[in-house]
Amino acid sequence: MTILDGKLVAAELEEQMGKEILSLKEKTGKVPGLTVIIVGEDPASQIYVRNKDRMAASLGVNSHIIRMSEDVGEAAIIAEINRLNNDDDVDAVLVQLPLPARYDTWKILDYLDPSKDVDRFHPANIGMISVNRTKIYPCTPFGILKILERYNINLSGKHAVVVGRSFIVGKPMAAMLTNLDATVTLCHSKTSNLGEIIRQGDVVVAAIGKPGFVTADMVKDGAILIDVGMNYLESEADVMALCEEDQIKKFRKRGYGITGDIHKDAFKKSSYYTPVPGGVGLTTVTMLMYNTIQLFKQRRGIS
Ligand code: GUN
């Protein structure tokens with residue numbers, strides 16, 4: 001049972017990226033530029049955006065946040081995207097999701113220049129992933145790939161079961177694992193016999209947002225367990241039942257505990273697993289910076 005340490009993988013990548021940005025600056029006189037658009041006041045999104053801005057600053061990425069009020073209107077958001085598409089100093093644009101419910105997310109994402117779409121959510125980029133014609137991927141599944149790579153875990157011929165079909169994690173993850181020669185089953189809320197299917201997984205990626213959903217009886221001995229869940233629990237009974245010891249201690253001080261989608265007892269059966277917190281969550285923002293650098297290089301023809 002080896003812990004796949006997201007903090008370690010993120011720190012190693014950040015060190016390399018800091019150096020690469022310095023060398024790109026020497027070569028071109030410029031640094032990669034990332035602009036994040038956030039619409040409305042969703043508190044979780046505000047925290048994510050602040051974290052992105054902090055990491056950009058620490059690596060020397062030129063980062064901007066554009067804050068728009070919830071009622072700004074579709075035309076104003078699209079006008080802002082068009083302005084950024086045409087700004088040569090902007091290499092990467094991210095629209096923080098979820099957008100307030102009144103907006104049509106796909107319609108707005110369609111306006112992103114695919115070459116500046118750092119999330120890789122534009123349909124053109126989704127298509128490139130599915131036919132294996134790109135090496136830039138959505139940040140969360142890309143972080144998972146980097147963790148598996150770092151621990152020399154080869155996926156060829158393995159049965160990977162992905163639970164959750166979001167366009168942010170599950171769907172791109174399934175395509176990426178397929179490209180790495182895994183045999184992939186993509187499960188979701190309408191899947192019947194879910195436990196039976198998960199039990200066949202040599203690798204299980206859980207991205208559903210339900211605390212402790214994948215229980216010990218659903219996983220096979222020696223499976224590699226990747227937990228994308230980030231669930232905040234406020235009831236003491238839930239925290240005691242689902243959280244690891246360190247989170248139970250923290251609950252006593254701050255009134256909430258964090259746990260993933262995979263039950264702690266399931267990890268005991270695994271060969272490798274990503275903890276929550278301390279696993280996948282820590283590599284997502286790192287990969288956003290990584291993608292920003294890749295887009296900078298791609299736009300300038302630097303290999
Ligand atoms: N909200 C939650 N995850 C993400 C992500 O990866 N990208 C964006 N833009 N919004 C998110």
Side-chain angles (χ1 to χ4, degrees), residues 6 10 13 33-56 61 63-68 70 77-78 80-81 84-85 90-101 103-126 129 134 136-147 162 164-176 205-210 226-232 258 260-261 274 276-277 279-292 294-295:
L13 287 167
L34 165 69
T35 299
V36 174
I37 297 175
I38 177 163
V39 183
E41 302 294 330
D42 178 55
S45 291
Q46 297 287 340
I47 294 170
Y48 292 142
V49 167
R50 206 178 323 132
N51 288 342
K52 288 167 188 168
D53 205 40
R54 276 195 197 138
M55 182 171 303
V61 166
S63 157
H64 295 279
I65 302 174
I66 295 174
R67 296 177 191 280
M68 304 183 98
E70 180 166 347
I77 302 171
I78 292 169
E80 201 53 47
I81 290 174
L84 296 167
N85 285 343
V90 175
D91 301 288
V93 181
L94 179 147
V95 178
Q96 182 63 35
L97 302 178
L99 285 167
Y103 296 106
D104 178 344
T105 301
W106 285 115
K107 183 174 177 196
I108 287 172
L109 294 182
D110 277 352
Y111 282 88
L112 283 172
D113 175 343
S115 73
K116 296 191 177 189
D117 164 32
V118 71
D119 271 321
R120 311 318 268 173
F121 294 158
H122 189 283
N125 289 322
I126 296 172
I129 293 165
T134 176
I136 310 177
Y137 306 105
C139 301
T140 300
F142 203 178
I144 293 169
L145 226 61
K146 289 286 180 190
I147 292 173
V162 179
R165 57 176 154 179
S166 74
F167 69 90
I168 295 179
V169 185
K171 278 189 187 158
M173 185 86 262
M176 291 156 68
V205 180
I208 36 190
K210 291 188 178 164
I226 307 295
D227 195 342
V228 189
M230 177 63 74
N231 306 296
Y232 291 80
I258 298 172
D261 292 346
T274 61
V276 177
V280 172
L282 295 176
T283 54
T284 296
V285 180
T286 306
M287 297 318 293
L288 177 65
M289 302 302 139
Y290 186 93
N291 282 358
T292 301
Q294 303 315 306
L295 296 185

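Whatever order the structure lists them in is the order used to number ligands and atoms, beginning at 1.
Those atoms of ligand 1 that come under 4.0 Å of a heavy atom in Q96, given as number and element, are 1 (N), 9 (N), 10 (N), 11 (C).
With values rounded to the nearest 0.5 angstrom, N291 atom CG is found 6.0 Å from I136 atom CD1.
Of the N or O atoms in K52, none lie within a sub-3.5 Å distance of an N or O in ligand 1. Considering backbone and side-chain atoms alike, V95 places an N or O below 3.5 Å from some N or O of ligand 1. Among the atoms of L97, some N or O lies under 3.5 angstrom from an N or O of ligand 1.
Remark: the backbone N or O of D227 is paired with a side-chain donor or acceptor of T274 at under 3.5 angstrom.
Residue-level proximity to ligand 1 for D119 is carried by the side chain, the only part with a heavy atom below 4.0 angstrom.
Looking at every heavy atom in both residues, L97 comes nearest to S45 through O-OG, 3.8 Å. Nearest heavy-atom pair, R120 versus N125, reported as atom, atom and distance to 0.1 Å: NH2-OD1, 3.1 Å.
In this structure, F121 and F167 have perpendicular ring planes: the angle between them is above 60°, well past the 30° mark.
Heavy-atom distances between Y48 and ligand 1 stay at or above 4.0 Å for every pair.
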